[in-house]
Asker: 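Sharing a structure here in structure tokens format.
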Amino acid sequence: MNARESITPDPTAAMAFVPYDRPVRAAFIGLGRIYDLNVLGYRDNPDVEVVALVDPDSERLAQRRADWPDAATFASAAELAASGIEVDAAEVLLPIPLHTGGVVEMLGRGWHVNLQKPMCNDLLDAQRMLDAAKGSGRVLRVMENYLFYEPLRRLKAVAESGEIGEVAGYHMKMVGSGNGGWDVPWSSFEWQLEQIRRGRGILVFDDGWHKLSTALWLFGPIKEVRSWIGTTSFGSGIDLDAPTMIAWEHASGVRGVWDITLAPDLYLRSDYYTNDERWEITGNTGFARVNRCTGRGIQQPSLEVYSDGEMRGYHALDDDWASSFRDSGRHWLRWLRTGEGPLLWSGEAAISVLRFALAAYASSAAGGVGVNPAQLV
Ligand SMILES: NC(=O)c1ccc[n+]([C@@H]2O[C@H](COP(=O)([O-])OP(=O)(O)OC[C@H]3O[C@@H](n4cnc5c(N)ncnc54)[C@H](O)[C@@H]3O)[C@@H](O)[C@H]2O)c1
């Protein structure tokens with residue numbers, strides 16, 4: 001394990017956990033849009049038996065039941081618990097406003113939890129989740145599929161190999177567009193609007209969780225964040241949190257910057273969401289750049305490495321964004337069978353991501369001053 005992969009030690013999970021010597025009995029809680037990708041880690045996986053599907057939407061239940069004909073279906077986790085069906089772990093794919101209550105409930109029922117990001121909206125809720133995990137002796141994981149995206153994993157390996165010399169700094173870019181990609185149901189936008197009203201926007205907080213995660217994963221703890229979060233209003237409460245610039249310095253001294261630009265009418269070819277994304281690390285003898293992730297923006301090799309006057313393109317990486325969900329899910333289920341390796345992320349490590357986001361908000365609100373994420377209360 002790379003020391004940087006576990007930002008905060010998670011002794012609770014390591015001490016209390018006994019790996020399963022049989023397939024894990026799992027329940028999906030929430031069967032909406034992202035189920036389509038989270039399910040990839042469960043399909044054809046001998047580490048797991050899917051025993052239940054839960055969603056109050058009967059159409060969703062009927063649709064997803066076709067994937068798991070032997071699983072029982074329920075309108076709520078309480079009904080599942082009352083059914084007597086034994087569950088070891090819940091795959092929690094709930095709308096963000098329901099994360100804290102849902103996770104506390106499910107840990108309390110004695111289920112391990114694999115939670116979608118963002119973990120929750122504030123530190124108080126995060127602590128409630130950690131306390132619930134500790135109280136029940138169950139494991140809380142906040143999944144981060146980007147850490148399983150092969151081009152990003154290679155990028156990290158290149159930076160650590162010394163191939164581009166000593167890391168001098170790095171840049172992440174995202175262009176958000178509404179034109180292209182898969183359909184997102186209006187019901188998903190409803191809870192996103194609730195998030196916007198709470199000051200937790202789609203670009204900085206929801207999608208941003210991934211970008212901030214990759215920063216922590218690549219270069220470790222962060223000592224200072226400075227940001228300038230803008231707003232673009234589309235009416236009816238649809239206020240998108242761009243243009244935005246966030247800059248930071250890691251404890252190691254390496255600095256990073258992320259710019260978010262909105263181009264609502266830009267057509268972006270994508271099988272999923274329409275995010276045009278890049279990561280570029282500059283070293284003192286070269287650079288390495290991941291050209292795309294969720295969407296199919298730049299149609300070059302997904303990873304390019306320039307060093308000593310030569311450019312190397314990686315043409316054969318598994319650069320389908322969906323594969324990162326498959327591998328993150330498999331990692332979790334294998335972890336439950338072995339207890340080995342970092343959780344990516346443990347509940348405690350995920351709080352570092354939350355702190356990073358909250359520091360960006362605090363900095364922007366104060367006019368862009370430097371904020372230490374560790375000092376937020
Ligand atoms: N990792 C990623 O890149 C990524 C991408 C998209 C969404 N997400 C996250 O996944 C989560 C779900 O997002 P989504 O886009 O699938 O949302 P969605 O709105 O499409 O689906 C949510 C589902 O939860 C169901 N639900 C509501 N209340 C419930 C309850 N009490 N019990 C069980 N089910 C309930 C809804 O009926 C719906 O089917 C969110 O946390 C979101 O941030 C992550």
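These numbers come from the heavy atoms of this one structure, side chains and all, not from hydrogens, waters or symmetry mates. Whatever order the structure lists them in is the order used to number ligands and atoms, beginning at 1.
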Asker: Of all the atoms in ligand 1, which lie at a distance below 4.0 Å from a heavy atom belonging to L98?
Answerer: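 Numbered from 1, ligand 1 contributes 28 (N).
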Asker: Hey, is ligand 1 close enough to S187 that some N/O pair sits below 3.5 Å?
Answerer: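 In fact, backbone or side chain, S187 has no N or O that close.
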Asker: Out of D55, L94, L93, whose heavy atom sits nearest atom 40 (C) of ligand 1?
Answerer: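 Selected option, by shortest heavy-atom distance: L94.
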Asker: Using 4.0 Å as the upper bound for N to carboxylate O, is an ion pair formed by R64 and D36?
Answerer: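 R64 and D36: salt-bridged.
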Asker: Using a 4.0 Å heavy-atom cut-off, which part of H210 comes near ligand 1: side chain, backbone, both, or neither?
Answerer: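 Only the side chain of H210 comes within reach of ligand 1.
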Asker: Do the ring planes of Y272 and W321 sit parallel (below 30°), tilted (30 to 60°) or perpendicular (above 60°)?
Answerer: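 Answer is tilted, since the angle falls between 30° and 60°.
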Asker: Tell me whether the rings of F148 and H331 are parallel (<30°), tilted (30 to 60°) or perpendicular (>60°).
Answerer: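 F148 and H331: tilted rings.
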Asker: Determine, for D271 against R269, whether the closest basic-nitrogen to carboxylate-oxygen distance falls under 4.0 angstrom.
Answerer: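 No.
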Asker: Non-hydrogen atoms of S76 versus ligand 1: any pair closer than 4.0 Å?
Answerer: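 The answer is no, since S76 has no heavy atom less than 4.0 Å from ligand 1.
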Asker: List every atom of ligand 1 that sits less than 4.0 Å from any heavy atom of P118, numbering the atoms from 1 in the order shown and giving each element.
Answerer: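 Every atom of ligand 1 under 4.0 Å from some heavy atom of P118: 43 (O).
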Asker: Please determine whether the number of non-hydrogen atoms from other residues, nucleotides or ligands lying under 6.0 Å from atom CD of Q299 exceeds 12.
Answerer: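 Counting other residues, nucleotides and ligands, CD of Q299 exceeds 12 neighbours.
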Asker: Any side-chain donor paired with an acceptor under 3.5 Å for S328 and E144?
Answerer: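 Per modelled atom types, S328 and E144 side chains form no pair under 3.5 Å.
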Asker: Please work out whether the ring planes of Y306 and F287 are parallel, tilted or perpendicular, with thresholds of 30° and 60°.
Answerer: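 Y306 vs F287 ring planes: parallel.
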Asker: Provide, to 0.1 Å, the distance between atom 18 (P) of ligand 1 and the closest protein heavy atom, together with that atom's residue and name.
Answerer: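 Nearest protein contact, heavy atoms only, for atom 18 (P) of ligand 1 is S188 OG, 3.4 Å.
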Asker: Closer than 4.0 Å to some heavy atom of G30 - which atoms of ligand 1 meet that?
Answerer: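 Result: 24 (O), 33 (C), 34 (N).
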Asker: I want to know if ligand 1 touches W321 in the polar sense, i.e. an N/O pair below 3.5 angstrom.
Answerer: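 No, no N or O pair falls under 3.5 Å.
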Asker: Specify the protein heavy atom at minimum distance from atom 43 (O) of ligand 1: its residue, its atom name, and the distance to 0.1 Å.
Answerer: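 Among all protein heavy atoms, the one nearest atom 43 (O) of ligand 1 is K117 O, 3.0 Å.
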Asker: Could you tell me if any non-hydrogen atom of E144 lies under 4.0 Å from any atom of ligand 1?
Answerer: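 False for this residue.
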Asker: Between F189 and W186, what is the ring plane arrangement, given parallel below 30°, perpendicular above 60°, and tilted in between?
Answerer: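 Ring orientation, 0 to 90° scale: tilted.
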Asker: For ligand 1, does N145 get within less than 4.0 Å through its side chain, its backbone, both, or neither, judged by non-hydrogen atoms?
Answerer: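 Only the side chain of N145 comes within reach of ligand 1.
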Asker: According to the interplanar angle, ranging from 0 to 90°, do the rings of H112 and Y20 count as parallel (below 30°), tilted (30 to 60°) or perpendicular (above 60°)?
Answerer: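 Plane angle over 60°, so perpendicular.
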Asker: Could you tell me whether R198 atom CZ has more than 12 heavy atoms of other residues or ligands within 6.0 Å of it?
Answerer: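 More than 12 heavy atoms, drawn from other residues, nucleotides or ligands, come within 6.0 Å of this atom.
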Asker: Any N/O of F325 closer than 3.5 Å to an N/O of ligand 1?
Answerer: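 No: no nitrogen or oxygen of F325 is under 3.5 Å from one in ligand 1.
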Asker: Is a salt bridge present between D131 and R128, judged by a nitrogen-to-oxygen distance below 4.0 Å?
Answerer: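 Salt bridge flag = no for R128 with D131.
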Asker: With the threshold set at under 4.0 angstrom, would you say A77 reaches ligand 1 through any of its heavy atoms?
Answerer: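 Per 4.0 Å heavy-atom rule, A77 does not contact ligand 1.
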Asker: Residue-level breakdown please: for V184 versus ligand 1, do any non-hydrogen atoms fall below 4.0 Å on the side chain, on the backbone, on both, or on neither?
Answerer: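 Neither; no heavy atom under 4.0 Å.
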Asker: Of all the heavy-atom pairs spanning E163 and T285, show the shortest one and how long it is.
Answerer: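 What the structure gives for the nearest pair is O-OG1, 3.9 Å.
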Asker: What is the closest protein heavy atom to atom 21 (O) of ligand 1, and at what distance does it sit?
Answerer: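 Ranking protein heavy atoms by distance from atom 21 (O) of ligand 1, first comes G32 CA, 3.2 Å.
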Asker: Output yes when a side-chain donor or acceptor of S364 lies under 3.5 Å from a complementary backbone atom of Y361, and no otherwise.
Answerer: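 No; zero donor-acceptor contacts below 3.5 Å.
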Asker: Is it the case that more than 12 heavy atoms not belonging to D183 sit under 6.0 Å from its CG atom?
Answerer: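 Counting other residues, nucleotides and ligands, CG of D183 stays at 12 neighbours or fewer.
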Asker: Is ligand 1 under 4.0 Å from a heavy atom in the side chain of I34, in the backbone, in both, or in neither?
Answerer: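 Both backbone and side chain.
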Asker: Tell me which protein heavy atom sits closest to atom 26 (N) of ligand 1, plus the residue, atom name and distance to 0.1 Å.
Answerer: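 Looking at atom 26 (N) of ligand 1, the protein heavy atom closest to it is P56 CD, 3.7 Å.
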Asker: Does ligand 1 have any atom sitting under 4.0 Å from a heavy atom of W191?
Answerer: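 For ligand 1, residue contact (heavy atoms, under 4.0 Å) with W191 is present.
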Asker: Is it the side chain, the backbone, both or neither of R33 that has a heavy atom closer than 4.0 Å to ligand 1?
Answerer: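 Both backbone and side chain.
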Asker: I'd like to know if Y273 contacts ligand 1, where contact means a heavy-atom distance under 4.0 Å to any ligand atom.
Answerer: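 For ligand 1, residue contact (heavy atoms, under 4.0 Å) with Y273 is present.
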Asker: With heavy-atom distances below 4.0 Å as the criterion, list the atoms of ligand 1 near D206.
Answerer: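 Counting from 1, the qualifying ligand atoms are 43 (O).
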Asker: Could you tell me, atom by atom, which parts of ligand 1 come under 4.0 Å of a heavy atom of I96?
Answerer: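 Result: 41 (O), 43 (O).
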Asker: Hey, which of W258, W209, W279, Y146 is the one that makes side chain to side chain donor-acceptor pair (under 3.5 Å) with T214?
Answerer: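 So, applying the side chain to side chain donor-acceptor pair (under 3.5 Å) to T214 and each of W258, W209, W279, Y146, only W279 qualifies.
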Asker: Indicate, as side chain, backbone, both or neither, the part of T294 found under 4.0 angstrom from ligand 1 when only non-hydrogen atoms are considered.
Answerer: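 No part of T294 is near ligand 1 at this cut-off.
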Asker: With a cutoff of 4.0 Å, is F74 in contact with ligand 1, counting heavy atoms of the residue only?
Answerer: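 No, that is not the case, since the closest heavy atom of the residue is not under 4.0 Å from the ligand.
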Asker: On a heavy-atom basis, I'd like to know which of H99, E190, M119, Q116 is closest to atom 8 (N) of ligand 1.
Answerer: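 That would be Q116.
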